[in-house]
There are 2 protein chains.
Amino acid sequence: MTAQALILFGHGARDPRWAAPFERLQLILREQLPQTRVELAFLEFMSPTLPELVRELAGHGCDDITVVPVFFGQGGHVLRDLPPMVDGLRLAHPGIRLKVAAAVGEDDSVLRTIAAYCVTSMQP
Amino acid sequence: MTAQALILFGHGARDPRWAAPFERLQLILREQLPQTRVELAFLEFMSPTLPELVRELAGHGCDDITVVPVFFGQGGHVLRDLPPMVDGLRLAHPGIRLKVAAAVGEDDSVLRTIAAYCVTSMQP
């Protein structure tokens, strides 16, 4: 039996209020996936980093980890910084199946829901 | 009769591929709102900036502009950098009604759609 984890990977910011939507997303997913560890990791300014979190999850016996980049755009951080980090983690933790999803902004349903929010925002 | 515009305001990045989801969002909204000018503006690294775009829209007679911050987290840029920029634009363009929505990551439907994408991403 595998022990699954889901990592929501965000940019991070100096202002702690920045993390609020990530924490709400984590709560929604913990409710929906009671058998899965759902954790946050950040590229900079906030902790834990992705390597710190994967090390911790490995210590808890997780062997199937999905990383979802909670970024709108790929390019920049997602295409440049994340792949070498993931390569290093796969070398360091060969027993873990580590999968990386496309950034959430690549998903058509996400974009269509954002579009609906924009339309609502225009109303007086 | 008012001339409406919708501005999708993003962070911007050095890598041009980063803008792809913003451009897809713009296309979706242009289809849904054929009477509205739907434009992109960026905080840094990409152009136009928000002041440049508002000046251009004002020159085209737009008098009702909604700015939607396409950011997950408020805090940082959205709470610190955007409000003084908007104050300056209201002073510079008193004839324009300039509305600023909450960041898209504050919207519950957006978070729930991202959650659904995360769940799908975990499947083998």
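Per chain, numbering begins at 1; letters A, B, ... match sequence-line order.
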Where on [X] is there a heavy atom nearer than 4.5 Å to chain A: the side chain, the backbone, both, or neither?
X: Thr66(B); value: side chain
X: Ala102(B); value: both
X: Phe45(B); value: neither

Check each atom of [X] against the heavy atoms of chain B and say whether the ones under 4.5 Å are side chain, backbone, both or neither.
X: Ala13(A); result: neither
X: Gln74(A); result: backbone
X: Glu31(A); result: neither
X: Leu111(A); result: both
X: Val70(A); result: both

Verdict with reasoning, His77(A) to Asp15(B), per side-chain contact (heavy atoms from CB on, under 4.5 Å)
CA-CA 9 Å; His77(A) 298 304; Asp15(B) 187 329; over 6 Å; no
I'd like to know which of [options] tops the heavy-atom pair count under 4.5 Å against chain B.
options: Ala103(A), Pro16(A), Ala20(A); result: Ala103(A)
options: Arg17(A), Arg14(A), Arg24(A); result: Arg24(A)
options: Arg80(A), Lys99(A), Gln4(A); result: Lys99(A)

Can you name the closest pair of heavy atoms from [X] and [Y] and give their distance?
X: Leu6(B); Y: Cys118(A); value: CD2-CB, 4.0 Å
X: Met122(A); Y: Thr36(B); value: CE-CG2, 3.6 Å
X: Gly105(A); Y: Pro21(B); value: O-CB, 3.3 Å
X: Val68(B); Y: Tyr117(A); value: CG1-CE2, 3.9 Å

Would you say [X] and [Y] are hydrophobically clustered, going by side-chain heavy atoms of ILVMFWY under 4.5 Å?
X: Leu43(A); Y: Leu57(A); result: yes
X: Phe42(B); Y: Met85(B); result: no
X: Leu82(A); Y: Ile7(A); result: yes
X: Phe22(A); Y: Met46(A); result: yes

Any sub-3.5 Å donor-acceptor pair from Arg112(B)'s side-chain atoms to Leu25(A)'s backbone N or O?
no
Against chain A, work out which of [options] has the most heavy-atom pairs shorter than 4.5 Å and name it.
options: Ile65(B), Val119(B), Ile28(B); answer: Ile28(B)
options: Ala19(B), Ala116(B), Gly10(B), Ala115(B); answer: Ala115(B)
options: Thr120(B), Val67(B), Leu8(B), Asp108(B); answer: Asp108(B)
options: Val78(B), Val104(B), Val100(B), Val38(B); answer: Val104(B)

Between Phe71(B) and Phe72(A), does the ring centroid distance fall short of 6.0 Å?
no
How about CZ on Arg30(B), more than 12 heavy atoms from neighbouring residues, nucleotides or ligands closer than 6.0 Å, or not?
yes
Show your working on side-chain contact (heavy atoms from CB on, under 4.5 Å) between Leu79(A) and Trp18(B) and close with a plain yes or no.
CA-CA 9 Å; Leu79(A) 291 183; Trp18(B) 185 87; over 6 Å; no
Roughly how far apart are Ile114(A) CD1 and Leu29(B) CG, rounded to 0.5 Å?
10.0 Å
